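Written out below as structure tokens is the structure these notes cover.
Being a predicted model, the structure only gives us computed values, none of them experimental.
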Amino acid sequence: MFMFFFCSCQSFPQQPETNKLLKPSSMLKFKPASSMSSSIAPHTILRPFGVSPAGRYPGRHARSRFRASSAEAVNWDKKPESSKRQKKGEETRLVVLCDDGFGSVTMKDYLEAVRALPKDDGGPPRWFCPVDCGQPVVRNAPLLLFLPGTDGVGMELILHHKSLGMVFEVRCLHIPVSDRTPFRGILQIVDESVKYEHALSPKRPIFVIGDSLGGCLAISVAAHNTKIDLVLILINPGTSFAKTPVQAILPLLDLVPSNLSVTQAHSLRYLIGETLKMAMLGIQNDSSLQEAQQKFSDGLSSMLTLTTEIGVIIRMDTVVWKLKLLKTAAAYANSRLDAVQAEVLLLVSGNQNLAQSGEADRLFKMLKNCKVRYFRNQGHSLLMEYDFNLLTVIKGVNVYRRSQKRDVVLDYLPPTFSEFKKTFGDDFKQFNQLLSPVILSTLQNGKIVHSLAGVPDKGPILFVGYHQLMAMEVSSLVEGFLREKKAVVRALAHEAFFVGNLGTLREELSLFDVVSMYGAVPVNPINTYKLFKRNEFVLLYPGGVREALHRKGEGYWCFWPDKPEFVRMATRFGVTIIPFGCAGEDDFLEVVVDYNDQKNIPYLRDWIKTFNEDLPTIRSEFTSFP
């Protein structure tokens, strides 16, 4: 059993910053870990809009005017009152454990949305705003432009409309089926839109999500606009089209009759994705077998209907045109990779149709500021996978920002209910069952309760404690506060979690991504000041990494700095300081080989030296006591 003990809290009256520094002994007395267990003290239609001068002023450049298409089929429940835009002057935040709508969209919704879009209206490519995105709940939300894949529909983001719409202004590009605008023409449309939006809000970043063909388009736009603050999210970009088998048979497709319908699912998967996987949209992990079977049957029926309808609409000449468009886009993008200055997040699937396994490595090396996340068990249509949440990935890799530079405190987005459910209901479920954590706190009358009732509901609060081995207690602590208090504990973590090449190239969301997603920030005075100012729950381990990686015979030892580092700031904001302890882990785990042993092994010694080259150094000045 793993136990937390939250001791008596000391609340400091808020005082001006000029107060003298108080000694720690005059405010709090920390008991050794050995005595803490025996003595615990109290305490519905798409909105039209224009993104270019031609779109905002009717009658000018009619060819370039952007129109909106209707998609009344997709209806979302109204957002809760807490998500509505607040009055001017009030701070707007994303509610902790809010409903992001992920998993509520089914294949039937996607089918109805595609049906509602115009198939052949003779118009050029245009932008539209999905009505289900709603208005952002955060102030100064950045703009998000979605560039579709080879199909050009622009509805591939439908699973993520509601979640992304809470933190972005979402706009999607739609290319009609019969449209024959060349690649440079489409590039000009996107390029003009980016420049115009940048002129309206020069300090606001513009996020560009490109899927397949859209990925090549996003790279090209970034190469043209090196002075504009762009963040590219490339999802299986089609830059390796020249190396695929489709490239070889493309000349033969010109011999096929142009009016021939495309009815084979194998051919359509290059445009709309895998039929069986897309039929699983809307199936939750906690659904009963009967519910899951019914949803899968409905999704498969809708998917087969969609395949049939698209096969009738899309002719062979359209397929050949789309593939030639992708060929041109790939060649254009590859010739300009070295000119891209934008921040890039590359999302690659393990089972791709139009890319080889080494493409991610090539792009990672050629793009100057690139992060990669590799999803081994997902298909080419990554956005339509039932268990892929794009907003979760964006949070984990720390690319979301509302200004030219990311602020880890102000730009933080708290976890939604679906993210909490997946993390602690699936990913960490067995780990928490192994630890079996028990949390105890003390009420004002001195009664010890088996909950967090003794902890205040509002901040600012500073929790000060010591690490168990490998910091295994942190996940249970974070889960407990989210589950009971609906509050995020903002841990002050070592900079090693945020800098350096700790992650491997081919990984999905790593442990470091999870740490960022649940509120951890680099430990420094500026971040601590901002957290106290926002009345947050702050978690501090003075012993830091050295305490978490303690060695043989150092169980329940504290490695705390010689000088107080947070007392003056705590008095400045009237922070309530709550010391806590935990017991159990160091009793059933024993260190067999520690750092002193590993550094004497030749191979490990060299690997540790190389691993630590890009990392910040760990503080060596501290006082240790059992």
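- Using a 4.5 Å heavy-atom cutoff, the side chains of Leu147 and Ile209 are not in contact.
- Closest heavy-atom contact between Asp109 and Ile158: O-CD1, 4.0 Å.
- Around the OH atom of Tyr332, the shell of radius 6.0 Å holds more than 12 heavy atoms that belong to other residues, nucleotides or ligands.
- Applying the salt bridge (Lys or Arg N to Asp or Glu O under 4.0 Å) test to Arg180 and every residue at least two apart in sequence or in another chain returns Asp317.
- Closest approach of Ala333 and Cys216 over heavy atoms only: CB-O, 3.6 Å.
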**OP:** Tell me, with the steps shown, if Glu359 and Arg362 meet salt bridge (charged side-chain N to carboxylate O under 4.0 Å, His left out).
**Re:** CA-CA 5 Å; Glu359 184 65 10; Arg362 186 181 74 90; 2.7 Å; yes
Original post:
Run the side-chain hydrogen bond (donor to acceptor under 3.5 Å, both in side chains) check on Tyr374 and Ser349 step by step: do they pass?
Top reply: CA-CA 6 Å; Tyr374 190 80; Ser349 300; over 6 Å; no
**OP:** Could you give me the CA-CA distance, side-chain angles and deciding distance for Asp387 and Gln378, then say whether side-chain hydrogen bond (donor to acceptor under 3.5 Å, both in side chains) is met?
**Re:** CA-CA 9 Å; Asp387 57 349; Gln378 308 290 7; 3.0 Å; yes
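- Thr328 contributes a side-chain N or O that, together with a main-chain N or O of Lys324, makes up a donor-acceptor pair within less than 3.5 Å.
- Ser516 OG to Asn398 CG: the interatomic distance, rounded to the nearest 0.5 Å, is 4.0 Å.
- Using a 4.0 Å cut-off between charged nitrogen and carboxylate oxygen, Arg401 and Glu343 count as a salt-bridge pair.
- Atom CG of residue Leu173 and atom CH2 of residue Trp127 lie 5.0 Å apart, to the nearest 0.5 angstrom.
- With rounding to the nearest 0.5 Å, the separation of CG in Leu326 from CG in Leu213 is 5.5 Å.
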Original post:
Could you walk me through whether Met166 and Cys133 pass the side-chain contact (heavy atoms from CB on, under 4.5 Å) check?
Top reply: CA-CA 7 Å; Met166 293 189 298; Cys133 288; over 6 Å; no
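- In this structure, Leu345 and Leu234 have side chains that are not in contact, with every pair of non-hydrogen atoms separated by 4.5 Å or more.
- In the displayed structure, Arg184 atom CZ is contacted under 6.0 Å by at most 12 heavy atoms of other residues, nucleotides or ligands.
- Side-chain contact between Pro237 and Ser212: absent, with no pair of heavy atoms (C-beta onward) separated by less than 4.5 Å.
- The heavy-atom pair separating Phe498 from Ala493 by the smallest distance is CE1-CB, 4.0 Å.
- Atom CG of residue Leu390 and atom CG of residue Leu157 lie 6.5 Å apart, to the nearest 0.5 angstrom.
- A salt bridge between Asp361 and Lys365 is absent, with no side-chain N of the basic residue lying under 4.0 Å from a carboxylate O of the acidic one.
- Legend: salt bridge (Lys or Arg N to Asp or Glu O under 4.0 Å) pairs involving residues 199-223, not counting sequence neighbours, sorted by first then second residue: Glu169-Arg204, Glu197-Arg204.
- The main-chain N or O of Ile175 is never found under 3.5 Å from a side-chain atom of Asp179 such that the two would form a donor-acceptor pair.
- Ring centers of Tyr400 and Phe168: under 6.0 Å apart, within the cut-off.
- Although no hydrogens or angles enter the test, the distance criterion places a donor-acceptor pair under 3.5 Å between the side chain of Ser104 and the main chain of Gly101.
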**OP:** Check step by step if side-chain contact (heavy atoms from CB on, under 4.5 Å) holds for Val344 and Lys371.
**Re:** CA-CA 6 Å; Val344 180; Lys371 298 178 181 178; over 6 Å; no
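- Note that OG of Ser220 and CZ of Arg336 are 7.0 Å apart. Values are rounded to the nearest 0.5 Å.
- Closest of all the heavy-atom pairs between Leu232 and Ala222 is CD1-CB, 3.6 Å.
- Between the side chain of His174 and the backbone N or O of Phe128, no donor-acceptor pair lies under 3.5 Å.
- Annotation: salt bridge (Lys or Arg N to Asp or Glu O under 4.0 Å) contacts involving residues 407-420, sequence neighbours excluded, comprise Lys395-Glu419, Arg402-Asp411, Asp407-Lys530.
- A donor-acceptor contact shorter than 3.5 Å is absent between the side chain of Asp191 and the backbone of Leu187.
- Taking CG from Leu323 and OG1 from Thr244, the interatomic distance works out to 8.5 Å, rounded to the nearest 0.5 Å.
- Smallest separation of non-hydrogen atoms from Tyr518 and Tyr412: C-OH, 3.4 Å.
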**OP:** Could you go through the side-chain contact (heavy atoms from CB on, under 4.5 Å) check for Val348 and Phe375 one step at a time?
**Re:** CA-CA 6 Å; Val348 185; Phe375 300 88; over 6 Å; no
Subject >> Worked check of side-chain contact (heavy atoms from CB on, under 4.5 Å) between His160 and Leu383 >> reply: CA-CA 8 Å; His160 314 273; Leu383 291 173; 4.0 Å; yes
**OP:** Assess whether salt bridge (charged side-chain N to carboxylate O under 4.0 Å, His left out) is satisfied between Asp513 and Arg373, documenting all intermediate values.
**Re:** CA-CA 11 Å; Asp513 295 335; Arg373 290 298 178 269; 2.9 Å; yes
Original post:
When you look at Thr416 and Asp100, which way does the side-chain hydrogen bond (donor to acceptor under 3.5 Å, both in side chains) test go after all the steps?
Top reply: CA-CA 6 Å; Thr416 63; Asp100 61 358; 3.0 Å; yes
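- Judged by distance alone, the side chains of Ser381 and Glu156 never bring a donor and an acceptor atom under 3.5 Å apart.
- With hydrogens and angles ignored, the 3.5 Å screen pairs a side-chain donor or acceptor of Asn334 with a backbone N or O of Thr239.
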